[in-house]
Asks: 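Quick one: this structure, given as structure tokens, is what I'll be asking you about.
Owing to the predicted nature of the structure, the values given are computational and were not obtained by experimental measurement.
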There are 2 protein chains.
Amino acid sequence: MPPKRSAERHAEVLDAAIELIRQKGIDGTSLQDIADAVGIKKGSLNTYFSSKEELVELIQARFTEVAERELRLIGERTDLTPDQRLRELLYFHAEHCTLRVSSPVLVGFMQLWTSSSSPSGRHQPSVVREYQRVFEDAVAQCSRKRIFRKIDPVLTVNGLMGSMSWCAFWYNKDEHGPLRPLVDEIIDMAFDGLRAKG
Amino acid sequence: MPPKRSAERHAEVLDAAIELIRQKGIDGTSLQDIADAVGIKKGSLNTYFSSKEELVELIQARFTEVAERELRLIGERTDLTPDQRLRELLYFHAEHCTLRVSSPVLVGFMQLWTSSSSPSGRHQPSVVREYQRVFEDAVAQCSRKRIFRKIDPVLTVNGLMGSMSWCAFWYNKDEHGPLRPLVDEIIDMAFDGLRAKG
DNA sequence: GTCTATAAAGCGATAGAC
DNA sequence: GTCTATCGCTTTATAGAC
């Protein structure tokens, strides 16, 4: 394999690793698998990361970065009503779980994501906690504007995000077609149960 | 370690394996771990199963067996209205995912469960498919009795089961207390969106 | 039924030549 | 930047003594 410019190859390695982990999970993906996919030898991988643990951290960082940027963009949209904003947030989550992270690895990421990197303390606010807060705030705002009735935002978000995340388990593009209309219908049903009466 | 009666030891080995896999996942649990937990030597395990793959199949079979029995029992209860029956089914699923199979291993089981053992064909009706059918039938019956409005049972069940399964990710007994009231509240919100108008 | 011992394979990590 | 080669470790699986 001829040498390539570093940045280019670096991205290539990361992409291949993400795709393999998407299919087979972290434990199921060996460095040999990744090297084969890129077309280099296993030993050469240490140019791009010094250990498998570091590789996982790199992927995790990219995953988080993408999510946070998208969430911020949705939050900044002033053309949406609070419930429309919540809908966009939920759809993003469904898409993120379904299309970018497949079910085998979703739990792995959730665990990595949840576990605080700091060893001290027990249950620090983690990245996931902040991620979820965005959804809870959106629900609370819907309640405040009397679009939703008075509900527990945390429990509501847990229920809603479950319906979205679960798409990763049953949704198949070839079988079901585009994801958006399916998710919209699920959200419609859920929102109907949350709306203020009258 | 003194010899024990076969059936007794067999159950002991299976219980230990389930508990370890619950905590650390399938890949994260070695035969050495299981042998240590039972207090026998690794090599002795082949008395109870001939390979790790067979062990996983044994556990999977027990898991499925329990689920099917419980579902059948709920289905036979004549004291429940259709929506109450659906609620019990959903609660069972939440409990099954949350208390009996923890999040690290939930996906593993889902995959094993989903994948057909028969190599021919692509997407046979799997055990999961039949499991889900029970829920779809319960939803359809709610629609027929005009308790719910006219809705797509498949999509509805996917949404509802997602909310239930997701409990495995966020629910913590010490932090949240009993599971039942939380699940009931989520189901209340969801059912409110499904009820027939007027 | 349990043990010891070992085979055979795969893993991540690293050193050193080019 | 890539390769070869190898180390040290863990894994599953198996054979044979007691």
Asks: Sort and list the pairs that fulfil ring-ring contact (aromatic ring centres under 6.0 Å, His included) and have at least one residue in residues 5-44 of chain B, not counting sequence neighbours.
Replies: B:H10-B:Y48

Asks: C:dT2 C1' sits how many Å from B:I34 CD1, rounded?
Replies: 17 Å

Asks: Measure from CD1 on B:I40 to C1' on C:dC3 and round the result to the nearest Å.
Replies: 10 Å

Asks: In whole angstrom, give the distance that lies between atom CD of B:E54 and atom P of D:dT12.
Replies: 15 Å

Asks: Once ring pair (Phe, Tyr, Trp, His ring centres under 6.0 Å) is applied, do any residues pair with A:Y171, and if so which ones, sequence neighbours excluded?
Replies: A:H176

Asks: What pairs of donor and acceptor atoms, side-chain ones from residues 143-151 of chain A against any protein atom, are under 3.5 angstrom apart with sequence neighbours left out?
Replies:
from   : atom 1 : to     : atom 2 : distance (Å)
A:S143 : OG     : A:R149 : O      : 3.0
A:R149 : NH2    : A:G193 : O      : 2.7
A:R149 : NH2    : B:D192 : OD2    : 2.8

Asks: For residues 31-43 of chain A, tabulate all N or O donor-acceptor pairs below 3.5 Å that involve a side-chain atom, not counting sequence neighbours.
Replies:
from  : atom 1 : to    : atom 2 : distance (Å)
A:Q32 : NE2    : A:D36 : OD1    : 3.0
A:D33 : OD2    : A:K24 : NZ     : 3.0
A:D33 : OD2    : A:S30 : N      : 3.1
A:D33 : OD2    : A:S30 : OG     : 3.3

Asks: Assign a letter to each nucleotide of nucleotides 4-18 of chain C from its 5' end: B, base within under 4.0 Å of a protein heavy atom; S, sugar-phosphate only; -, no contact.
Replies: B------SBBB----

Asks: According to the ring-ring contact (aromatic ring centres under 6.0 Å, His included) rule, which pairs have a member within residues 15-42 of chain A, sequence neighbours left out?
Replies: none

